[in-house]
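Following: one structure in structure tokens, then a few remarks.
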There are 2 protein chains.
Amino acid sequence: MKIGELAKRSGCSIQTIRYYEREGLLSSPTRSGGNFRLYDHHAEERLMFIKRCRSLDLSLSEVRYLLTLSQAPGSRCGKVNEMVDQHIQQVEERIDELQSLHRQLHDLRNNCSENRTVEDCGIIRSLAQKKGLN
Amino acid sequence: MKIGELAKRSGCSIQTIRYYEREGLLSSPTRSGGNFRLYDHHAEERLMFIKRCRSLDLSLSEVRYLLTLSQAPGSRCGKVNEMVDQHIQQVEERIDELQSLHRQLHDLRNNCSENRTVEDCGIIRSLAQKKGLN
DNA sequence: CGTACACTCTATAGTAACTATAGAGTCAAG
DNA sequence: CTTGACTCTATAGTTACTATAGAGTGTACG
């Protein structure tokens with residue numbers, strides 16, 4: 001199949017597929033007489049692997065690593081577990097950060113409930129003050 | 001004061017300060033005979049305003065907008081409230097996304113607890129499967 | 001006076017993971 | 001033989017910085 005069909009089937013954009021190829025995540029496919037990329041089922045599976053990893057927010061270099069590992073028969077998967085554990089921790093940290101941010105934004109929002117002039121707006125005032133919130 | 005001192009006092013890097021100037025968030029300061037930037041207290045306050053906004057994850061264009069508004073005397077602050085409300089909603093959505101991601105990563109991690117070979121690793125298998133988790 | 005050193009200047013490139021565009025070529029149907 | 005849908009490469013843009021090169025400034029010390 002040509003790149004357009006692969007894009008439709010996978011839900012990735014054509015540019016993204018070409019980008020993954022440039023980045024070495026997908027190998028260069030065979031080409032038609034007119035220099036069009038031709039993909040097989042195997043390429044589609046690999047692309048879907050990448051897509052699932054991306055939907056879990058793994059970085060492309062993490063994905064590259066997983067692809068390499070999964071194609072080295074007999075290698076141990078301890079590193080895979082480590083990577084996932086580390087990733088889980090990062091997500092937890094980010095959630096904590098965002099929750100703190102959420103509280104701060106709420107506090108900020110409580111400083112102005114009406115449509116005042118900016119001179120009187122508690123939000124602008126808080127942002128302008130040396131020791132606003134916290 | 002020169003840019004180095006402003007950087008130290010504000011906690012922003014020198015490059016960041018120059019970047020904010022290029023982006024029009026800070027106005028061009030006066031220059032010394034040797035072409036060094038010279039800042040006053042006013043510039044420092046403006047920089048701190050930007051910094052506080054950034055710590056709340058407001059984008060630079062949102063900050064630019066707030067700065068413009070806060071310097072237009074008599075203008076109404078309804079837009080400020082709107083912006084903050086919208087921002088709060090975005091943060092809430094991102095938290096939800098991350099929590100769902102967190103559950104998925106935990107499920108994934110449960111597929112492999114040992115140091116197996118990658119052929120047997122449940123994590124790799126899940127990622128390779130058409131309908132792995134969800 | 002010279003020089004070493006800390007500081008500053010501009011311009012440019014790199015980061016992550018794409019997205020968008022221009023300008024050209026391919027291919028099938030009418 | 002031309003129209004239209006598709007594809008190709010190469011390049012620039014996105015966000016908010018960060019890092020670098022190569023040059024100039026300013027001051028303290030010998």
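Here is the naming used below: chain letters follow the sequence lines, and residue numbers restart at 1 for every chain.
The distance between atom CG of B:Leu60 and atom P of D:dT18, rounded to the nearest whole Å, is 11 Å. Here C:dA16 presents its C1' atom at 12 Å from CG of A:Asp57, a figure rounded to the nearest Å. Whole-Å rounding puts the A:Gln15 CD to D:dT14 C1' distance at 14 Å. Atoms CZ (B:Arg37) and P (D:dT25) sit 15 Å apart, rounded to a whole Å. Taking atom CZ on B:Phe36 and atom P on D:dG26, their separation rounds to 6 Å, with Å as the unit.
Nearest-nucleotide positions on DNA chain C for A:Tyr19 and A:Gly34 put A:Tyr19 closer to the 5' end. The residue among A:Arg18 and B:Gly33 whose nearest nucleotide of DNA chain D lies closer to the 5′ end is A:Arg18. With the nearest nucleotide of DNA chain C identified for both A:Asn35 and B:Leu38, B:Leu38 has the one nearer the 5' end.
Considering only side-chain N and O atoms, A:Ser32 lies nowhere under 4.0 angstrom from the phosphate OP1 or OP2 of D:dT7. Contact check, A:Thr16 against C:dT19: a side-chain N or O comes under 4.0 Å of OP1 or OP2. Within the structure, a side-chain polar atom (N or O) of A:Arg31 is placed less than 4.0 Å from OP1 or OP2 of D:dT9.
Across all strands, A:Arg54 comes closer than 4.0 Å only to sugar-phosphate atoms, never to a base (heavy-atom distances).
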Original post:
Hey, mind stepping through A:Arg52 and B:Gln104 against side-chain hydrogen bond (donor to acceptor under 3.5 Å, both in side chains) and telling me if it holds?
Top reply: CA-CA 11 Å; A:Arg52 275 185 290 272; B:Gln104 285 176 53; over 6 Å; no

**OP:** Kindly indicate, with the supporting measurements, whether the criterion salt bridge (charged side-chain N to carboxylate O under 4.0 Å, His left out) is fulfilled by A:Arg125 and A:Glu119.
**Re:** CA-CA 8 Å; A:Arg125 285 186 173 212; A:Glu119 286 81 1; over 6 Å; no

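B:Arg109 places a side-chain N or O within 3.5 Å of a backbone atom of B:Cys112 that can act as its donor or acceptor partner. Between the side chain of B:Arg54 and the main chain of B:Leu58, a donor-acceptor pair closer than 3.5 Å is present.
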